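Please read these numbers as outputs of a predicted model, since none were measured by experiment. Chain A is the first sequence line, chain B the second, and so forth, proteins listed ahead of strands; every chain is numbered from 1.
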2 protein chains.
Amino acid sequence: MRVSTRGEYGVRAMFDLAVNFGQGPIALKTIAERQMVSESYLEQLMAELRKAGLVHSKRGAQGGYELADKPANVSIGEIIRVLEGPITPVDCLDTETERGPYCGTPERCVLRNFWKELQDSMTKVLDNTTLEDLRQDACRLEVAE
Amino acid sequence: MRVSTRGEYGVRAMFDLAVNFGQGPIALKTIAERQMVSESYLEQLMAELRKAGLVHSKRGAQGGYELADKPANVSIGEIIRVLEGPITPVDCLDTETERGPYCGTPERCVLRNFWKELQDSMTKVLDNTTLEDLRQDACRLEVAE
DNA sequence: TTCAATTCCTACCTATTTAGTGGGAAATGA
DNA sequence: TCATTTCCCACTAAATAGGTAGGAATTGAA
(Lines give C-alpha, C1' and ligand atoms only; values in the text may rest on other atoms or scores of the structure.)
Protein backbone atom coordinates (compact mmCIF):
# COMPACT_ATOMS: atom_id res chain seq x y z
CA MET A 1 0.00 0.00 0.00
CA ARG A 2 2.85 2.36 -0.75
CA VAL A 3 4.12 4.55 -3.50
CA SER A 4 7.70 3.64 -4.32
CA THR A 5 10.48 6.18 -4.42
CA ARG A 6 9.74 6.55 -8.14
CA GLY A 7 6.40 8.15 -7.36
CA GLU A 8 7.62 9.97 -4.31
CA TYR A 9 10.70 11.49 -5.98
CA GLY A 10 8.72 12.24 -9.11
CA VAL A 11 6.10 14.17 -7.19
CA ARG A 12 8.82 16.04 -5.31
CA ALA A 13 10.51 17.01 -8.57
CA MET A 14 7.24 18.11 -10.16
CA PHE A 15 6.40 20.08 -7.04
CA ASP A 16 9.78 21.77 -7.29
CA LEU A 17 9.06 22.68 -10.91
CA ALA A 18 5.65 24.02 -9.88
CA VAL A 19 7.09 26.26 -7.17
CA ASN A 20 9.57 27.62 -9.72
CA PHE A 21 7.13 27.72 -12.61
CA GLY A 22 7.65 30.53 -15.12
CA GLN A 23 11.34 31.02 -14.40
CA GLY A 24 12.60 29.12 -17.43
CA PRO A 25 14.10 25.66 -17.38
CA ILE A 26 15.48 24.29 -14.11
CA ALA A 27 18.51 22.02 -14.27
CA LEU A 28 18.13 18.48 -13.05
CA LYS A 29 21.10 19.03 -10.79
CA THR A 30 19.30 21.87 -9.03
CA ILE A 31 16.14 19.84 -8.51
CA ALA A 32 18.09 16.83 -7.29
CA GLU A 33 19.98 18.92 -4.76
CA ARG A 34 16.94 20.81 -3.52
CA GLN A 35 14.88 17.67 -3.18
CA MET A 36 17.79 15.60 -1.93
CA VAL A 37 17.45 12.72 -4.36
CA SER A 38 19.97 10.94 -6.58
CA GLU A 39 20.53 12.93 -9.77
CA SER A 40 20.99 10.03 -12.17
CA TYR A 41 18.05 8.17 -10.71
CA LEU A 42 15.85 11.25 -11.01
CA GLU A 43 17.07 11.64 -14.59
CA GLN A 44 15.37 8.39 -15.52
CA LEU A 45 12.15 9.49 -13.90
CA MET A 46 12.22 12.83 -15.71
CA ALA A 47 12.71 10.99 -18.99
CA GLU A 48 9.46 9.15 -18.39
CA LEU A 49 7.65 12.32 -17.39
CA ARG A 50 8.95 13.97 -20.54
CA LYS A 51 7.84 11.09 -22.77
CA ALA A 52 4.42 11.28 -21.11
CA GLY A 53 4.28 14.98 -21.98
CA LEU A 54 4.19 16.31 -18.43
CA VAL A 55 7.44 18.25 -18.70
CA HIS A 56 9.44 19.90 -21.46
CA SER A 57 13.20 19.78 -21.55
CA LYS A 58 15.90 21.96 -23.01
CA ARG A 59 19.35 20.58 -23.65
CA GLY A 60 22.70 22.29 -23.38
CA ALA A 61 23.95 25.12 -21.19
CA GLN A 62 21.20 26.91 -19.26
CA GLY A 63 18.98 24.00 -20.15
CA GLY A 64 16.77 22.03 -17.84
CA TYR A 65 13.19 20.99 -17.28
CA GLU A 66 9.94 22.90 -16.92
CA LEU A 67 6.30 21.96 -16.55
CA ALA A 68 4.57 21.44 -19.88
CA ASP A 69 1.42 23.01 -18.45
CA LYS A 70 0.29 25.30 -15.62
CA PRO A 71 0.53 23.74 -12.15
CA ALA A 72 -3.27 23.98 -11.90
CA ASN A 73 -3.59 21.59 -14.83
CA VAL A 74 -1.36 18.86 -13.43
CA SER A 75 -2.82 16.45 -10.88
CA ILE A 76 -0.74 14.25 -8.62
CA GLY A 77 -2.63 11.29 -10.04
CA GLU A 78 -1.18 11.92 -13.49
CA ILE A 79 2.34 11.94 -12.13
CA ILE A 80 1.79 8.75 -10.14
CA ARG A 81 0.25 6.95 -13.11
CA VAL A 82 3.25 7.75 -15.29
CA LEU A 83 5.77 6.57 -12.73
CA GLU A 84 3.91 3.80 -10.92
CA GLY A 85 1.34 2.59 -13.41
CA PRO A 86 -2.41 2.41 -12.90
CA ILE A 87 -3.74 3.29 -9.47
CA THR A 88 -5.37 0.04 -8.52
CA PRO A 89 -5.14 -1.89 -5.27
CA VAL A 90 -5.71 -5.23 -7.01
CA ASP A 91 -5.24 -6.41 -10.59
CA CYS A 92 -8.84 -7.35 -11.30
CA LEU A 93 -9.77 -3.65 -11.17
CA ASP A 94 -7.24 -2.73 -13.77
CA THR A 95 -9.10 -2.17 -17.00
CA GLU A 96 -6.00 -0.83 -18.74
CA THR A 97 -4.34 -4.21 -18.75
CA GLU A 98 -5.68 -7.41 -20.25
CA ARG A 99 -6.31 -8.91 -16.85
CA GLY A 100 -9.80 -7.57 -17.12
CA PRO A 101 -12.51 -6.87 -14.59
CA TYR A 102 -14.07 -10.33 -14.48
CA CYS A 103 -13.42 -12.50 -11.47
CA GLY A 104 -15.73 -15.44 -12.00
CA THR A 105 -17.26 -16.26 -8.67
CA PRO A 106 -19.79 -14.00 -6.92
CA GLU A 107 -17.81 -14.29 -3.68
CA ARG A 108 -14.82 -12.72 -5.28
CA CYS A 109 -16.93 -10.01 -6.83
CA VAL A 110 -17.97 -8.93 -3.37
CA LEU A 111 -14.31 -8.33 -2.73
CA ARG A 112 -13.96 -6.61 -6.07
CA ASN A 113 -16.61 -4.10 -5.04
CA PHE A 114 -14.71 -3.45 -1.86
CA TRP A 115 -11.39 -2.93 -3.63
CA LYS A 116 -13.18 -0.64 -6.05
CA GLU A 117 -14.37 1.48 -3.15
CA LEU A 118 -10.80 1.72 -1.89
CA GLN A 119 -9.58 2.62 -5.36
CA ASP A 120 -12.19 5.35 -5.69
CA SER A 121 -11.20 6.91 -2.41
CA MET A 122 -7.58 6.94 -3.52
CA THR A 123 -8.12 8.36 -6.98
CA LYS A 124 -10.40 11.01 -5.53
CA VAL A 125 -7.53 12.43 -3.51
CA LEU A 126 -4.88 11.88 -6.18
CA ASP A 127 -6.84 13.30 -9.09
CA ASN A 128 -8.39 16.22 -7.25
CA THR A 129 -5.10 17.58 -5.96
CA THR A 130 -3.03 19.62 -8.39
CA LEU A 131 0.49 20.98 -8.23
CA GLU A 132 -1.09 24.41 -7.84
CA ASP A 133 -2.78 23.27 -4.63
CA LEU A 134 0.55 22.15 -3.24
CA ARG A 135 2.30 25.30 -4.41
CA GLN A 136 -0.25 27.43 -2.58
CA ASP A 137 0.12 25.33 0.55
CA ALA A 138 3.84 25.98 0.38
CA CYS A 139 3.28 29.74 0.01
CA ARG A 140 1.01 29.77 3.04
CA LEU A 141 3.65 27.95 5.04
CA GLU A 142 6.26 30.54 4.04
CA VAL A 143 4.02 33.41 5.10
CA ALA A 144 3.14 31.77 8.38
CA GLU A 145 6.77 31.52 9.45
CA MET B 1 -0.21 1.62 -4.91
CA ARG B 2 -1.21 -2.02 -4.65
CA VAL B 3 -1.83 -4.67 -2.09
CA SER B 4 0.31 -7.70 -2.80
CA THR B 5 -1.12 -11.19 -3.07
CA ARG B 6 -0.37 -11.55 0.64
CA GLY B 7 -3.05 -9.01 1.47
CA GLU B 8 -5.37 -10.08 -1.28
CA TYR B 9 -5.24 -13.80 -0.48
CA GLY B 10 -5.40 -13.08 3.23
CA VAL B 11 -8.57 -11.02 2.84
CA ARG B 12 -10.08 -13.73 0.64
CA ALA B 13 -9.33 -16.38 3.24
CA MET B 14 -10.73 -14.28 6.08
CA PHE B 15 -13.80 -13.54 4.00
CA ASP B 16 -14.23 -17.27 3.47
CA LEU B 17 -14.02 -17.85 7.21
CA ALA B 18 -16.56 -15.08 7.77
CA VAL B 19 -19.05 -16.58 5.35
CA ASN B 20 -18.67 -19.92 7.12
CA PHE B 21 -18.47 -18.50 10.62
CA GLY B 22 -19.96 -20.66 13.38
CA GLN B 23 -19.55 -23.96 11.56
CA GLY B 24 -16.45 -25.08 13.40
CA PRO B 25 -12.93 -25.05 12.02
CA ILE B 26 -12.44 -24.95 8.26
CA ALA B 27 -9.48 -26.82 6.80
CA LEU B 28 -6.85 -24.81 4.99
CA LYS B 29 -7.24 -27.12 2.03
CA THR B 30 -10.92 -26.20 1.75
CA ILE B 31 -10.21 -22.48 1.89
CA ALA B 32 -7.39 -22.76 -0.61
CA GLU B 33 -9.58 -24.66 -3.06
CA ARG B 34 -12.57 -22.37 -2.68
CA GLN B 35 -10.49 -19.23 -3.02
CA MET B 36 -8.23 -20.74 -5.65
CA VAL B 37 -4.92 -19.91 -4.02
CA SER B 38 -1.82 -21.98 -3.31
CA GLU B 39 -2.32 -24.03 -0.17
CA SER B 40 1.23 -23.89 1.16
CA TYR B 41 1.51 -20.21 0.44
CA LEU B 42 -1.78 -19.51 2.21
CA GLU B 43 -0.53 -21.60 5.10
CA GLN B 44 2.18 -19.07 5.78
CA LEU B 45 -0.30 -16.23 5.71
CA MET B 46 -2.64 -18.02 8.11
CA ALA B 47 0.29 -18.54 10.48
CA GLU B 48 0.76 -14.78 10.64
CA LEU B 49 -2.94 -14.15 11.11
CA ARG B 50 -2.94 -16.70 13.90
CA LYS B 51 0.06 -15.14 15.63
CA ALA B 52 -1.70 -11.77 15.36
CA GLY B 53 -4.73 -13.29 17.08
CA LEU B 54 -7.16 -12.87 14.21
CA VAL B 55 -7.84 -16.58 13.78
CA HIS B 56 -7.76 -19.66 15.98
CA SER B 57 -6.53 -22.98 14.71
CA LYS B 58 -7.18 -26.58 15.60
CA ARG B 59 -4.70 -29.27 14.65
CA GLY B 60 -5.31 -32.85 13.63
CA ALA B 61 -8.19 -34.52 11.90
CA GLN B 62 -11.29 -32.32 11.55
CA GLY B 63 -9.05 -29.42 12.43
CA GLY B 64 -8.75 -26.12 10.63
CA TYR B 65 -9.09 -22.40 11.14
CA GLU B 66 -11.86 -20.17 12.39
CA LEU B 67 -12.21 -16.49 13.10
CA ALA B 68 -11.11 -15.54 16.59
CA ASP B 69 -13.92 -13.00 16.77
CA LYS B 70 -17.26 -12.20 15.16
CA PRO B 71 -17.01 -10.96 11.54
CA ALA B 72 -18.42 -7.62 12.69
CA ASN B 73 -15.37 -7.12 14.90
CA VAL B 74 -12.77 -7.70 12.20
CA SER B 75 -11.94 -4.86 9.84
CA ILE B 76 -10.16 -5.32 6.55
CA GLY B 77 -7.58 -2.83 7.78
CA GLU B 78 -6.53 -5.19 10.57
CA ILE B 79 -5.97 -8.01 8.10
CA ILE B 80 -3.99 -5.81 5.75
CA ARG B 81 -1.80 -4.45 8.55
CA VAL B 82 -0.88 -7.95 9.67
CA LEU B 83 0.03 -9.13 6.18
CA GLU B 84 1.33 -5.96 4.54
CA GLY B 85 2.53 -3.81 7.40
CA PRO B 86 1.39 -0.27 8.20
CA ILE B 87 -0.97 1.38 5.76
CA THR B 88 1.12 4.34 4.69
CA PRO B 89 1.78 5.65 1.19
CA VAL B 90 5.19 7.03 2.18
CA ASP B 91 7.60 6.23 4.99
CA CYS B 92 7.61 9.64 6.65
CA LEU B 93 4.00 9.05 7.73
CA ASP B 94 4.83 5.83 9.45
CA THR B 95 4.91 6.51 13.16
CA GLU B 96 5.22 2.81 13.97
CA THR B 97 8.73 2.62 12.59
CA GLU B 98 11.69 4.68 13.65
CA ARG B 99 11.67 6.63 10.42
CA GLY B 100 9.53 9.16 12.22
CA PRO B 101 7.25 11.94 11.05
CA TYR B 102 9.86 14.66 10.67
CA CYS B 103 10.89 15.67 7.19
CA GLY B 104 13.03 18.72 7.72
CA THR B 105 12.15 21.19 5.04
CA PRO B 106 8.80 22.97 4.83
CA GLU B 107 8.52 22.06 1.15
CA ARG B 108 8.56 18.42 1.96
CA CYS B 109 6.06 18.91 4.75
CA VAL B 110 3.60 20.25 2.22
CA LEU B 111 3.95 16.90 0.51
CA ARG B 112 3.67 15.13 3.82
CA ASN B 113 0.29 16.77 4.41
CA PHE B 114 -0.81 15.59 1.04
CA TRP B 115 0.30 12.01 1.61
CA LYS B 116 -1.44 12.13 4.97
CA GLU B 117 -4.66 13.07 3.26
CA LEU B 118 -4.27 10.10 0.94
CA GLN B 119 -3.51 7.84 3.88
CA ASP B 120 -6.60 9.03 5.74
CA SER B 121 -8.84 8.32 2.78
CA MET B 122 -7.42 4.82 2.55
CA THR B 123 -7.64 3.93 6.22
CA LYS B 124 -11.17 5.29 6.33
CA VAL B 125 -12.29 2.66 3.84
CA LEU B 126 -10.11 -0.13 5.20
CA ASP B 127 -10.94 0.37 8.87
CA ASN B 128 -14.65 1.06 8.44
CA THR B 129 -15.32 -2.08 6.43
CA THR B 130 -15.69 -5.31 8.39
CA LEU B 131 -15.93 -8.93 7.35
CA GLU B 132 -19.59 -8.75 8.37
CA ASP B 133 -20.18 -6.02 5.77
CA LEU B 134 -18.68 -8.24 3.08
CA ARG B 135 -20.57 -11.29 4.30
CA GLN B 136 -23.85 -9.40 4.02
CA ASP B 137 -22.94 -8.18 0.54
CA ALA B 138 -22.37 -11.80 -0.43
CA CYS B 139 -25.75 -12.83 0.98
CA ARG B 140 -27.49 -10.08 -0.96
CA LEU B 141 -25.79 -11.27 -4.15
CA GLU B 142 -26.97 -14.83 -3.52
CA VAL B 143 -30.56 -13.70 -3.04
CA ALA B 144 -30.51 -11.50 -6.11
CA GLU B 145 -29.57 -14.39 -8.38
C1' DT C 1 -4.19 -48.48 19.11
C1' DT C 2 -3.52 -47.18 14.71
C1' DC C 3 -3.99 -44.08 10.99
C1' DA C 4 -5.38 -40.52 8.09
C1' DA C 5 -6.02 -35.76 8.34
C1' DT C 6 -4.37 -31.59 9.56
C1' DT C 7 -1.65 -27.77 11.47
C1' DC C 8 3.08 -26.22 12.45
C1' DC C 9 7.78 -25.12 11.34
C1' DT C 10 11.97 -24.48 8.75
C1' DA C 11 14.44 -24.11 4.81
C1' DC C 12 14.91 -23.16 0.20
C1' DC C 13 14.10 -21.22 -4.50
C1' DT C 14 13.28 -18.25 -8.78
C1' DA C 15 11.79 -14.10 -10.99
C1' DT C 16 10.83 -9.46 -10.68
C1' DT C 17 11.16 -5.01 -8.86
C1' DT C 18 13.59 -1.36 -6.56
C1' DA C 19 16.85 1.88 -6.31
C1' DG C 20 20.26 3.03 -7.94
C1' DT C 21 25.54 3.83 -10.71
C1' DG C 22 28.46 4.82 -14.76
C1' DG C 23 29.91 6.22 -19.24
C1' DG C 24 29.55 8.52 -23.20
C1' DA C 25 27.00 10.88 -27.20
C1' DA C 26 24.47 14.96 -28.62
C1' DA C 27 22.95 19.60 -28.17
C1' DT C 28 23.37 24.45 -26.87
C1' DG C 29 24.36 29.11 -24.94
C1' DA C 30 28.18 32.11 -23.85
C1' DT D 1 35.42 26.36 -28.62
C1' DC D 2 33.93 24.77 -24.34
C1' DA D 3 31.50 24.11 -20.18
C1' DT D 4 27.00 22.77 -19.31
C1' DT D 5 23.24 20.01 -19.65
C1' DT D 6 20.03 16.57 -21.45
C1' DC D 7 19.72 11.99 -23.60
C1' DC D 8 20.51 7.14 -23.90
C1' DC D 9 22.08 2.60 -22.80
C1' DA D 10 24.00 -0.90 -20.07
C1' DC D 11 24.79 -2.75 -15.73
C1' DT D 12 24.16 -4.14 -10.72
C1' DA D 13 23.21 -5.21 -5.73
C1' DA D 14 19.62 -5.87 -2.59
C1' DA D 15 15.04 -6.57 -1.41
C1' DT D 16 10.51 -8.33 -2.22
C1' DA D 17 7.10 -11.40 -4.26
C1' DG D 18 5.32 -15.58 -4.69
C1' DG D 19 5.86 -19.44 -4.07
C1' DT D 20 7.66 -25.08 -3.16
C1' DA D 21 9.28 -29.09 -0.24
C1' DG D 22 9.70 -31.96 3.60
C1' DG D 23 8.90 -33.47 7.90
C1' DA D 24 7.44 -33.11 12.96
C1' DA D 25 3.52 -32.77 16.05
C1' DT D 26 -1.28 -33.22 17.07
C1' DT D 27 -5.88 -35.07 16.98
C1' DG D 28 -10.45 -37.39 15.87
C1' DA D 29 -12.25 -41.50 14.40
C1' DA D 30 -12.26 -46.43 13.05
Closest approach to the side chain of [X], judged atom by atom: which nucleotide of [options] is it?
X	options	answer
B/Gln62	D/dG18, D/dC7, D/dG28	D/dG28
A/Ser40	C/dA19, C/dA27, C/dT21	C/dT21
B/Lys58	D/dT20, D/dG28, C/dA25	D/dG28
A/Tyr41	C/dT21, D/dT20, C/dT28	C/dT21

Measure the distance from [atom1] on [X] to [atom2] on [N] and round it to the nearest whole Å.
X	N	atom1	atom2	result
B/Met46	C/dC8	CE	P	9 Å
B/Lys29	C/dA4	NZ	P	14 Å
B/Glu48	C/dC9	CD	C1'	13 Å
A/Leu49	D/dC7	CG	C1'	15 Å
B/Arg59	D/dG23	CZ	P	17 Å
B/Glu43	C/dC12	CD	C1'	15 Å
A/Arg2	C/dT17	CZ	C1'	16 Å
B/Arg50	C/dT6	CZ	P	17 Å

Phosphate-side-chain proximity, [X] and [N], N/O vs OP1/OP2 below 4.0 Å:
X	N	result
A/Tyr9	C/dA19	no
B/Ser38	D/dT20	yes
A/Ser57	D/dT5	no
A/Thr5	C/dT18	no

- Starting at the 5' end of DNA chain C, which residue's closest nucleotide do you reach first, B/Ala47 or A/Glu39?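 Its nearest nucleotide lies further toward 5', so the answer is B/Ala47.
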- Where is the tightest heavy-atom contact between A/Leu134 and B/Val110, given as atom of each residue plus distance?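 A/Leu134 and B/Val110 have their closest heavy atoms at O-CG1, 3.5 Å.
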- Message: If you compare all heavy atoms of A/Ala52 against all heavy atoms of A/Val82, which two are closest, and at what distance to 0.1 Å?
- Response: CB-CG2, 3.5 Å
- Can B/Tyr41 and B/Thr5 be counted as having a side-chain donor-acceptor contact under 3.5 angstrom? yes
- Message: Distance alone, cut at 3.5 Å: any donor-acceptor contact between the side chains of A/Glu48 and A/Gln44?
- Response: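 Not at all, the side chains of A/Glu48 and A/Gln44 share no donor-acceptor pair under 3.5 Å.
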- Item | Earlier contact from the 5' end, DNA chain D, for A/Gln44 and A/Leu28 | A/Leu28
- Query: Do B/Asp137 and A/Arg112 sit within salt-bridge range, that is, some charged N less than 4.0 Å from a carboxylate O?
  - Reply: no
